[in-house]
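Since the model is a prediction, treat every value here as computed from it, not as a measurement.
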Amino acid sequence: MNIILFGAPGAGKGTQAKLLVEKYGIPQISTGDMFRAAIANGTELGKKAKTYMDDGQLVPDDVTIGIVEERLAKEDCGKGFILDGFPRTLHQAEELQKILDKLGKTIDKVVVLDVDDNEILERITGRRMSRKTGKIYHVKYNPPVDENEEDIYQREDDNETAVKTRLKAYKEQTSPLFDYYKNLGKTVIINGKQEVAKITEDILRVLDSL
Ligand code: AP5
Ligand code: ZN
């Protein structure tokens, strides 16, 4: 099962992806997580990505497409994968198509998580992450039980200024992809403003019938 999770920053892609990983046993491929891991490891890729990410801008396509191509060729993608945060430009979508053609794979569904802008800001500024487990929390909606045990931190780009740039990048560069995939008859829109479990239920209903 090859899935793209699509949605604005803070729409809940990471939260839902982790639940789908558990359910289907296929990997989550999050370009944002891959860049953050590269930054934590101090690699050249990380240094390059950081200059864009901290401001909330997209990392250049050539860099991003390269890491996804490498990741999709790995053996654990054999049963399927969940792309989270990729593609994000029309060029990335076209290049993804070429990569999948070479691998003999196709995208089965593009799951769009639909959330309003006003909710996005609250979700993102309240998000906390665990360095230890990679779990995603929210100070109000899903607080960690033990902050020290979980080694909780806040993402560098989860501030109001960067969020505004991220939303602008989403509207200008990423949202045109919605029509691209709609025209291919692959999209399903899920109401992302519901409780986490209800959203998962709606997604599973679609994916289980594939
Ligand atoms: P990335 O890490 O992908 O960030 P993003 O797209 O901005 O999305 P987020 O991770 O902020 O949100 P999410 O949808 O995963 O929401 P989450 O589940 O965490 O990218 C970061 C940066 O990397 C980009 O800005 C760019 O620079 C670069 N990058 C990455 N991919 C790229 C690409 N393809 N091309 C170029 N550059 C790229 O949830 C958010 C919060 O809400 C959490 O606190 C969560 O607990 C809470 N929450 C989730 N669901 C609910 C719910 N139903 N109700 C209440 N709260 C909820
Ligand atoms: Zn995410």
Side-chain angles (χ1 to χ4, degrees), residues 1-34 36-37 68 71-72 76-88 93 96 105-147 150 152-155 158 163 166-167 170 174-175 177-178 181-182 184-210:
M1 181 185 295
N2 305 330
I3 304 298
I4 294 175
L5 269 182
F6 189 83
K13 302 182 293 294
T15 300
Q16 295 299 329
K18 286 181 196 330
L19 296 164
L20 297 176
V21 165
E22 272 174 39
K23 161 88 183 172
Y24 295 114
I26 53 177
Q28 169 195 12
I29 302 179
S30 158
T31 36
D33 285 352
M34 287 157 92
R36 279 184 288 278
V68 173
R71 183 66 188 85
L72 281 172
D76 66 337
C77 292
K79 260 174 65 191
F81 52 81
I82 302 155
L83 281 170
D84 159 7
F86 183 94
R88 253 169 151 109
L96 173 64
K105 296 176 197 264
T106 48
I107 294 297
D108 297 307
K109 216 53 166 178
V110 179
V111 176
V112 182
L113 296 175
D114 184 31
V115 181
D116 303 327
D117 277 11
N118 47 14
E119 191 150 340
I120 299 276
L121 191 62
E122 197 199 358
R123 281 198 189 177
I124 291 189
T125 50
R127 172 170 44 201
R128 299 294 182 272
M129 306 283 291
S130 166
R131 266 203 193 86
K132 205 161 167 188
T133 60
K135 281 193 182 154
I136 303 166
Y137 292 102
H138 189 282
V139 286
K140 188 164 145 196
Y141 302 121
N142 180 24
V145 178
D146 187 335
E147 293 224 356
E150 286 267 26
I152 294 296
Y153 74 102
Q154 188 171 19
R155 271 171 47 176
D158 278 356
V163 172
R166 284 159 65 191
L167 276 172
Y170 178 74
T174 308
S175 63
L177 286 188
F178 177 78
Y181 284 112
K182 196 172 163 216
L184 296 175
K186 305 227 173 193
T187 49
V188 58
I189 301 174
I190 305 282
N191 175 3
K193 290 163 293 224
Q194 312 173 89
E195 299 230 323
V196 170
K198 179 68 178 61
I199 298 169
T200 311
E201 207 180 286
D202 287 358
I203 297 175
L204 293 182
R205 199 172 304 125
V206 174
L207 298 185
D208 281 343
S209 66
L210 281 177

Evaluate the side-chain proximity of I107 to F81: yes if any heavy-atom separation is below 4.5 Å, no if none is. yes
Output yes when a side-chain donor or acceptor of N2 lies under 3.5 Å from a complementary backbone atom of D108, and no otherwise. no
Test R205 against E201 for salt bridge (charged side-chain N to carboxylate O under 4.0 Å, His left out), laying out the working first. CA-CA 6 Å; R205 199 172 304 125; E201 207 180 286; 3.5 Å; yes
Basic-acidic side-chain contact under 4.0 Å: K140, E122: yes
Pair Y137-E147, side-chain donor/acceptor within less than 3.5 Å: no
Please report the C-alpha distance between L96 and L72 in whole Å, then the side-chain angles of each, then the deciding distance to 0.1 Å, and finally whether the side chain to side chain contact (heavy atoms under 4.5 Å, CB included) criterion is met. CA-CA 10 Å; L96 173 64; L72 281 172; 3.8 Å; yes
Does any non-hydrogen side-chain atom of L207 lie less than 4.5 Å from one of Y24? yes
Donor-acceptor contact present, side-chain K13 to main-chain G7, <3.5 Å: yes
Run the salt-bridge test on R166 and D158 with the 4.0 Å N-O cut-off and return the result as yes or no. yes
Verify, without hydrogens or angle tests, whether E150 (side chain) and M129 (backbone) share a donor-acceptor contact under 3.5 angstrom. no
Would you say the side-chain atoms of E119 pair up with the backbone N or O of G10, donor to acceptor, closer than 3.5 Å? no
What is the distance from atom CD1 of I82 to atom NZ of K109, rounded to the nearest 0.5 Å? 15.5 Å
Side-chain (R123) to main-chain (A11) donor-acceptor, under 3.5 angstrom: yes
Kindly say whether L204 contributes a backbone atom to a donor-acceptor pair with the side chain of K23 at under 3.5 angstrom? no
Do you know the tightest heavy-atom contact between P87 and A93? CB-N, 3.5 Å
Mind running side chain to side chain contact (heavy atoms under 4.5 Å, CB included) on N142 and T15 for me, showing each step along the way? CA-CA 11 Å; N142 180 24; T15 300; over 6 Å; no
Looking at K186, I'd like to know if its NZ atom is crowded, meaning that more than 12 non-hydrogen atoms belonging to other residues, nucleotides or ligands lie closer than 6.0 Å. yes
Side-chain heavy atoms of F6 within contact of T174, under 4.5 Å: yes
Quick one: pull up CG in L20 and OG1 in T200 and give me the separation to the nearest 0.5 Å. 7.0 Å
Just wondering, are more than 12 heavy atoms of other shown residues or ligands nearer than 6.0 Å to NZ in K182? no
Could you walk me through whether D114 and N191 pass side chain to side chain contact (heavy atoms under 4.5 Å, CB included), step by step? CA-CA 5 Å; D114 184 31; N191 175 3; 5.8 Å; no
R71 side, atom CZ; F86 side, atom CZ - distance, nearest 0.5 Å: 13.5 Å
Heavy-atom distance under 4.5 Å between the side chains of I189 and F178, does that happen here? yes
Rounded to the nearest 0.5 Å, the CZ atom of R155 sits from the CD1 atom of I124 at a distance of 7.0 Å
Inter-residue atom distance R127.CZ - I136.CD1, 0.5 Å rounding: 6.5 Å
In terms of heavy-atom contacts, S130 and Y153 come closest through C-CE2, 4.1 Å
Working to the nearest 0.5 Å, report the span between CG of L19 and CD1 of I203. 8.5 Å
Would you sort out whether K193 and I199 count as a side chain to side chain contact (heavy atoms under 4.5 Å, CB included), showing the intermediate values? CA-CA 8 Å; K193 290 163 293 224; I199 298 169; over 6 Å; no
